[in-house]
Amino acid sequence: MPKTEPTSIAGQVAEARQCLAAAGIESAGLEARLLVGHLLCMDSASMIAHGDRALSVEQVAAIRHLVGLRAAGRPIAYLLGRREFWSLPLRVDERCLIPRPETELLVERALERLPDRPARAMDLGTGSGAIILALAVERPQLAAWGSDASAGALAVAADNAQRLGLTIHWFRGRWLDAVAPRPLFDIIVSNPPYVDPSDPHLEHGDLRFEPRAALVAGDGGLADLATIAGQSRARLYPGGWLLLEHGYDQSAAVRALLVQQGFLEVASHRDPAGHERVTEGRCPG
Ligand code: GLN
């Protein structure tokens with residue numbers, strides 16, 4: 001076997017893998033291929049086929065810079081500028097939260113609760129748009145709305161909608177404040193900030209690099225969940241549903257919030273890790 005040149009494609013993948021493994025990154029091999037492939041605009045198969053191709057000084061410098069950012073903890077989703085959610089290729093960057101696999105439970109429950117006729121759905125704090133885009137893809141008849149307090153997040157969401165060829169009505173503002181008292185919705189979904197500001201997880205992993213405003217809420221993480229529960233009741237059609245994602249230990253508190261607001265059939269559902277992650281309730285009428 002000829003020796004692998006350090007500045008060849010294969011050499012750079014190997015160097016990146018070592019650097020990421022030394023930084024304690026679990027899937028160092030996979031991430032090394034993703035980062036080098038991202039910079040060279042090549043997939044894994046062509047990188048293997050052309051492994052001995054020599055790279056320019058600039059290319060090597062760019063790869064080492066990107067790998068260095070990852071080794072320092074920057075999320076792979078931000079470095080690649082993408083994350084898959086509900087099998088949709090979404091663009092993401094530092095202006096929005098990185099969509100999580102457990103949030104697909106919220107999409108599943110919402111699809112279960114959407115009526116079979118054309119309906120109107122609102123996603124509060126839409127971020128990258130992941131939830132409402134997934135619902136719009138599944139239900140082409142859906143009148144889909146999304147709001148966010150962050151102009152940056154809304155720009156990411158609108159870009160994702162455009163790339164996917166989906167029409168969403170976007171609103172900037174906190175929860176339902178931005179939206180006039182009409183129309184009413186058949187379903188309101190939200191994955192709001194729910195992390196307690198003193199939660200040590202905020203100092204680990206991807207969370208360190210995500211917008212704090214998308215993660216943290218007062219009152220032990222319950223403040224925004226409470227606001228949304230309070231605002232939603234009057235904005236749903238009778239029989240409409242509110243579905244909220246929350247922390248693994250917040251389900252009892254969120255059920256209490258919904259019951260307090262007069263919601264019926266209040267129930268929590270478990271994510272694939274076994275945590276009660278989504279709570280839903282039906283508007284009376
Ligand atoms: N599920 C996220 C986490 O704890 C938090 C997302 C949120 O606050 N909505 O990593």
Side-chain angles (χ1 to χ4, degrees), residues 25 69-70 72-86 90-107 122-134 146-157 159-160 170-178 188-232 242-254 257 268 271-273 275-279:
I25 287 171
L69 291 175
R70 179 65 189 124
R74 196 160 288 276
I76 186 87
Y78 288 157
L79 294 175
L80 300 175
R82 59 172 200 263
R83 171 56 49 94
E84 195 169 286
F85 179 82
W86 201 262
L90 298 181
R91 296 284 175 121
V92 295
D93 63 33
E94 281 81 354
R95 294 173 293 177
C96 66
L97 200 76
I98 301 164
R100 312 280 205 265
E102 61 265 30
T103 302
E104 294 190 343
L105 173 65
L106 187 56
V107 175
M122 168 57 101
D123 175 19
L124 300 174
T126 193
S128 64
I131 299 163
I132 196 69
L133 293 168
S147 83
D148 207 288
S150 153
L154 276 184
V156 175
D159 180 48
N160 279 321
W170 300 116
F171 284 83
R172 180 164 177 213
R174 279 185 67 74
W175 316 130
L176 285 157
D177 291 347
I188 296 176
V189 294
S190 184
N191 172 20
Y194 54 70
V195 180
D196 183 318
S198 65
D199 190 325
H201 286 110
L202 292 165
E203 305 315 320
H204 295 279
D206 288 1
L207 278 77
R208 291 170 292 169
F209 296 87
E210 293 180 297
R212 273 292 140 117
L215 287 169
V216 163
D219 199 10
L222 290 169
D224 290 307
L225 288 159
T227 303
I228 294 167
Q231 289 186 348
S232 294
L242 171 63
L243 296 96
L244 296 171
E245 179 176 324
H246 48 72
Y248 73 97
D249 55 355
Q250 293 171 328
S251 61
V254 175
L257 285 170
S268 302
D271 66 17
H275 299 124
E276 286 188 331
R277 179 67 65 186
V278 169
T279 293

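Remember, it's a predicted structure, so these values are computed and weren't measured experimentally.
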Which atom of Leu124 lies closest to which atom of Ser190, heavy atoms considered = O-OG, 2.8 Å
Measure the shortest side-chain to side-chain distance between Leu176 and Ser147 over non-hydrogen atoms and say whether it is less than 4.5 angstrom.
-> no
Minimum-distance pair of heavy atoms, taken over all atoms of Ala229 and Leu242 = CA-CD2, 4.0 Å
Heavy-atom nearest pair, Glu245 first then Leu225, reads O-CD2, 3.4 Å
Spacing of Asp159 atom CG and Leu154 atom CG [to the nearest 0.5 Å] | 12.5 Å
Could you name each residue pair satisfying salt bridge (charged side-chain N to carboxylate O under 4.0 Å, His left out) that touches residues 75-84, not counting sequence neighbours?
-> none
d(Asn191 CG, Leu97 CG) to nearest 0.5 Å is 6.5 Å
Measure across Ala217 and Pro197 and return the closest heavy-atom pair with its distance rounded to 0.1 Å.
-> O-CD, 3.3 Å
Please answer whether the main-chain N or O of Thr126 pairs with a side-chain N or O of Asp148 as donor and acceptor at a distance below 3.5 Å.
-> yes
Within-4.5 Å side-chain heavy-atom neighbours: Val216 and Pro193 = no
Interatomic distance, CE@Met122 vs CD1@Ile132, rounded to 0.5 Å, equals 8.5 Å
Does Tyr248 reach the side chain of Arg277, with side-chain heavy atoms less than 4.5 Å apart?
-> yes
Residues at least two apart in sequence or cross-chain that pass ring-ring contact (aromatic ring centres under 6.0 Å, His included) with Tyr78, listed by chain then number, are none
Could you list the residues that satisfy ring-ring contact (aromatic ring centres under 6.0 Å, His included) with Phe209, not counting sequence neighbours?
-> none
Which value, rounded to the nearest 0.5 Å, describes the distance between His246 atom NE2 and Asp224 atom CG?
-> 14.5 Å
Taken in chain and number order and not counting sequence neighbours, the residues that satisfy side-chain contact (heavy atoms from CB on, under 4.5 Å) with Asp93 are Arg95, Val156
Would you check if Leu222 and Val254 make a side-chain contact, meaning some heavy-atom pair closer than 4.5 Å?
-> yes
What residues, two or more places apart in sequence or in another chain, satisfy side-chain contact (heavy atoms from CB on, under 4.5 Å) together with Asp249?
-> none
Taking only residues two or more places apart in sequence or in another chain, which ones pass side-chain contact (heavy atoms from CB on, under 4.5 Å) with Ala134?
-> Phe85, Trp86, Leu88, Val107
Roughly how far apart are Leu79 CG and Arg74 CZ, rounded to 0.5 Å?
-> 7.0 Å
Which residue pairs satisfy the salt bridge (charged side-chain N to carboxylate O under 4.0 Å, His left out) criterion with at least one member in residues 189-200, sequence neighbours excluded?
-> none
Considering residues at least two apart in sequence or located in another chain, which fulfil the side-chain hydrogen bond (donor to acceptor under 3.5 Å, both in side chains) criterion with Gln250?
-> none
Mark yes or no for whether Asn160, through its side chain, and Ser128, through its backbone, hold a donor-acceptor pair below 3.5 Å.
-> yes
For Thr227, the side-chain contact (heavy atoms from CB on, under 4.5 Å) test, sequence neighbours excluded, returns Trp175, Gln231
For Arg172, enumerate each residue passing the salt bridge (charged side-chain N to carboxylate O under 4.0 Å, His left out) test, keeping only those at least two apart in sequence or located in another chain.
-> none
Separation between CG of Leu133 and CG of Leu90, rounded to the nearest 0.5 Å = 6.5 Å
Tell me the side-chain hydrogen bond (donor to acceptor under 3.5 Å, both in side chains) pairs involving residues 208-222, sequence neighbours left out?
-> Arg100-Glu210
Please walk me through it: do Glu102 and Val278 pass side chain to side chain contact (heavy atoms under 4.5 Å, CB included)?
-> CA-CA 9 Å; Glu102 61 265 30; Val278 169; over 6 Å; no
Just jot down the salt bridge (charged side-chain N to carboxylate O under 4.0 Å, His left out) partners of Asp123, sequence neighbours excluded, or say none.
-> none
